[in-house]
Number of protein chains: 2
Amino acid sequence: MVTLSDVARHAGVSASTVSYALSGKRPISDETRRRVERAIAVLGYHPHAGARALAGKRSHIIALVVPLHTEVYVPTMMEIAIAVTVAAREHGYDVLLLTNDEGTEGVRRVAASGLADGVILMDVTLDDDRVSVLRALDTPAALIGLPDDPAGLSCVDNDFALAGALCADHLADLGHRDVAFVGYGSGVYRRHAGYAERTLTGFRERAERRGLRFLHRPCEGTYESTAGTLSRILADRPDTTGFVVQNEAAIGPLLSLLRAGGRIVPEDASVIAICPEPLADQHSPRLTSVTGPTRELGQAAVAQVMARITAMAEGGLPEDELRLMAPDLVVRESTAPAPRRNSHR
Amino acid sequence: MVTLSDVARHAGVSASTVSYALSGKRPISDETRRRVERAIAVLGYHPHAGARALAGKRSHIIALVVPLHTEVYVPTMMEIAIAVTVAAREHGYDVLLLTNDEGTEGVRRVAASGLADGVILMDVTLDDDRVSVLRALDTPAALIGLPDDPAGLSCVDNDFALAGALCADHLADLGHRDVAFVGYGSGVYRRHAGYAERTLTGFRERAERRGLRFLHRPCEGTYESTAGTLSRILADRPDTTGFVVQNEAAIGPLLSLLRAGGRIVPEDASVIAICPEPLADQHSPRLTSVTGPTRELGQAAVAQVMARITAMAEGGLPEDELRLMAPDLVVRESTAPAPRRNSHR
DNA sequence: TTGTAAGCGTTATCAA
DNA sequence: TTGATAACGCTTACAA
């Protein structure tokens with residue numbers, strides 16, 4: 001292995017000079033800098049990561065904790081993971097992949113051993129055990145998703161309230177008056193899924209402001225439950241012409257059922273899906289959708305841990321950040337102006 | 001930070017004793033072991049990763065290189081990545097996530113800096129640059145996928161030849177006589193895609209042995225190209241009753257087209273898909289499929305790097321392994337006994 | 001602008 | 001069965 005002293009010897013300087021030349025933490029004459037760079041290139045020197053971590057008190061590694069079995073769409077998760085990795089590199093960091101099959105032990109281990117300087121948690125739920133561990137360890141961390149109490153932590157997430165609002169606006173703009181929100185199964189609302197409530201709240205407020213009459217119906221996502229949901233909606237509000245679906249699994253069933261019921265999308269009924277783009281794109285008709293920025297989520301999370309790592313290294317108290325990323329509404333083929341009233345009575 | 005000497009002091013022993021108690025590399029009396037364990041628990045000691053890597057010449061990290069844009073189904077890739085991570089933990093290893101947006105530099109960096117003791121490459125193609133880099137660096141490595149020259153390397157992959165053979169067997173067993181293989185676009189065959197040829201070869205040999213008459217047709221996977229492929233097949237061999245599809249993208253179109261052409265699956269035509277289970281499951285009718293074991297791929301790759309790391313640490317020459325994992329044929333609803341001849345003439 | 005030297009927290013080689 | 005002690009390769013005061 002080529003070491004720093006090898007480089008120093010080859011360049012005819014001291015080891016510290018090489019170190020400083022590399023880190024730029026003190027001025028180096030052009031002449032020496034060149035000699036050092038030359039030696040590094042010739043010898044093919046790469047600083048030893050362990051030694052660097054030991055002496056420098058920084059591993060230059062962040063841990064990324066991915067959910068083992070997730071409710072989120074896997075390709076989206078993968079895209080975030082890759083975005084995190086790429087963004088980390090731009091800060092000179094590498095990414096350690098952690099699953100939570102060790103429970104919270106994994107996080108504790110890498111943080112306490114100095115393996116990772118910081119942690120990014122994906123798919124955070126309202127009451128997430130891992131969050132308390134991180135807070136207790138006082139490790140620089142960023143969460144993707146919102147816990148119930150984000151105090152002392154930095155978080156990024158999609159702005160689901162805005163997503164809901166965009167849906168209401170779009171339907172209102174198209175002249176729909178009676179709309180329905182087909183949500184997740186009631187279990188999701190009862191449990192840790194903050195995003196479900198946030199979406200609904202955002203939708204409700206905007207719907208009210210825009211004078212929409214609306215119904216919220218939870219939906220398990222199976223064909224049968226979607227059928228039940230839809231028929232109840234139409235029984236309660238036969239004039240419903242706009243649908244917002246947040247449960248990805250219910251999208252396919254809903255479309256089939258509308259078709260089966262003689263309602264053409266988008267002529268008779270408009271449908272907006274809150275889901276990743278590829279999903280919206282693969283249905284027929286292609287769905288108007290509201291989608292959060294995926295890569296940006298990862299990048300923002302990295303920026304947040306980096307900020308915290310730097311702050312703590314300088315002995316400061318890191319600032320809590322809460323960043324909500326605005327989703328995009330993409331109009332495709334499943335939404336259109338509301339039909340004239342009573343055409344389906 | 002709690003250090004080894006803190007533990008030693010608390011337990012009233014020397015630092016080396018604690019180290020040995022932890023590694024088990026020399027006998028320790030029950031009495032001292034207990035004291036040491038006690039101290040570790042009380043103080044909440046975690047060995048410093050960097051120090052361990054520096055002194056022990058092992059980082060206990062392997063790098064996993066994932067493709068940036070992959071041709072493989074993302075959930076499968078994710079499942080492999082997670083399987084690798086979990087399996088690595090069982091060997092006391094953590095996993096560093098690498099993309100190849102740095103080109104081959106990432107691999108070089110982590111190997112040369114001692115950040116990773118070994119590397120696993122996912123989605124390896126026949127002529128993969130990363131492979132030559134690894135060979136040159138002489139880093140313990142395992143490949144998932146087969147390069148053209150696996151000499152000096154360990155590889156795991158699905159046994160695609162067997163996958164092809166299983167398809168031929170299943171159709172032959174059901175009494176089909178004329179079958180068609182709907183493959184990937186011709187570009188895939190012209191390029192680096194060893195798995196495509198291997199599948200085809202396995203299918204062809206078994207088909208011949210079983211006395212099947214068969215046609216191979218490449219297919220780009222769009223609706224139009226699938227339509228063209230299918231009509232040519234039926235023009236050339238009107239009696240074709242069995243279909244094997246390897247191009248995931250062509251599955252949907254093929255099913256629609258058969259239906260549109262008045263052929264009921266599986267009564268009039270049987271279809272086998274070579275694809276991941278979830279994909280086979282989400283079509284209607286649910287598809288009989290041939291699927292490689294995903295998690296096992298990851299586990300095997302980990303076993304292989306570990307073997308090579310150990311061998312090299314002991315100064316030995318690691319043994320090359322080439323492990324092909326047997327795929328499973330799962331019979332679902334898309335295959336049935338061949339219909340009586342000429343029913344569609 | 002550069003060099004010297006004292007750690008950083010382990011592992012492993014000697015002795016005892 | 002245990003204890004000193006010298007590496008391991010780098011960073012960073014402190015001197016010059």
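Within every chain, numbering begins at 1; the chains are lettered A, B, ... in the order of the sequence lines, protein sequences first and strands thereafter. Excluded from the calculations below are hydrogen atoms, water molecules and symmetry mates; all remaining heavy atoms, backbone and side chain alike, are included.
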Query raised in the report: Is there a side-chain contact between B/L322 and B/L146, using heavy atoms and a 4.5 Å cut-off?
Result: yes
Query raised in the report: Looking for any heavy atom pair under 4.0 Å, which part of the strands does A/T32 touch: base, sugar-phosphate only, or nothing?
Result: sugar-phosphate
Requested in this report: Ignoring backbone atoms, test whether A/Y20 places a side-chain nitrogen or oxygen under 4.0 Å from the OP1 or OP2 oxygen of C/dT4.
Outcome: no
Requested in this report: Kindly point out which of D/dT2, D/dT11, C/dG9 is positioned nearest to the side chain of B/T17?
Outcome: D/dT2
**Report entry** Atom-pair distance (CD1 on B/I28; P on D/dT1), nearest Å
**Finding:** 8 Å
Query raised in the report: According to a strict under-4.0 Å criterion, is B/K25 in side-chain N/O contact with OP1 or OP2 of C/dA12?
Result: yes
Report summary line: Atom CZ of B/R35 and atom C1' of D/dT1 are separated, to the nearest Å, by 13 Å
Query raised in the report: Just to confirm, is there a sub-4.0 Å distance from OP1 or OP2 of C/dT2 to any side-chain nitrogen or oxygen of A/S29?
Result: yes
Requested in this report: Spell out, as yes or no, whether a donor-acceptor pair under 3.5 Å connects the side chain of A/T310 to the backbone of A/M306.
Outcome: yes
Query raised in the report: Side chains of A/Y93 and A/R58: is there a donor and an acceptor less than 3.5 Å apart?
Result: yes
Report task. Could you tell me the separation between the CG atom of B/D6 and the C1' atom of C/dC8, rounded to a whole number of Å? Result -> 13 Å
Requested in this report: Ignoring backbone atoms, test whether A/S16 places a side-chain nitrogen or oxygen under 4.0 Å from the OP1 or OP2 oxygen of C/dT2.
Outcome: no
Requested in this report: Figure out the NE2/P separation between A/H46 and D/dG9, and round it to whole Å.
Outcome: 15 Å
Query raised in the report: Do the charged groups of B/R109 and B/E102 touch, with an N to O distance under 4.0 Å?
Result: yes
Query raised in the report: Atom CG of A/L115 to atom P of C/dT10: distance rounded to whole Å?
Result: 13 Å
**Report entry** Side chain of A/S14 - closest among D/dC8, D/dT11, C/dG3
**Finding:** C/dG3
**Report entry** Spacing of A/R52 atom CZ relative to C/dT10 atom P, expressed in whole Å
**Finding:** 20 Å
Report summary line: Whole-Å distance, B/L22 CG to C/dT11 C1', equals 12 Å
Query raised in the report: Counting side-chain heavy atoms from CB outward, which of C/dG3, C/dT10, D/dT2 is closest to A/R26?
Result: C/dG3
Query - Given DNA chain D, 5'-ward residue of the pair B/G12 and A/A51, judged by closest heavy atom - result: B/G12
Query - Selection from D/dT11, C/dG3, C/dT1 that lies nearest to any side-chain heavy atom of A/A55 - result: D/dT11
**Report entry** Atom pair distance, as rounded to whole Å: CG in B/L54 and P in D/dT11
**Finding:** 12 Å
Requested in this report: Give a yes or no on whether the backbone of A/T104 and the side-chain of A/R130 come within a donor-acceptor separation of less than 3.5 Å.
Outcome: no
Query raised in the report: Nearest to the side chain of A/S19 - C/dT10, D/dT11, C/dT2?
Result: D/dT11
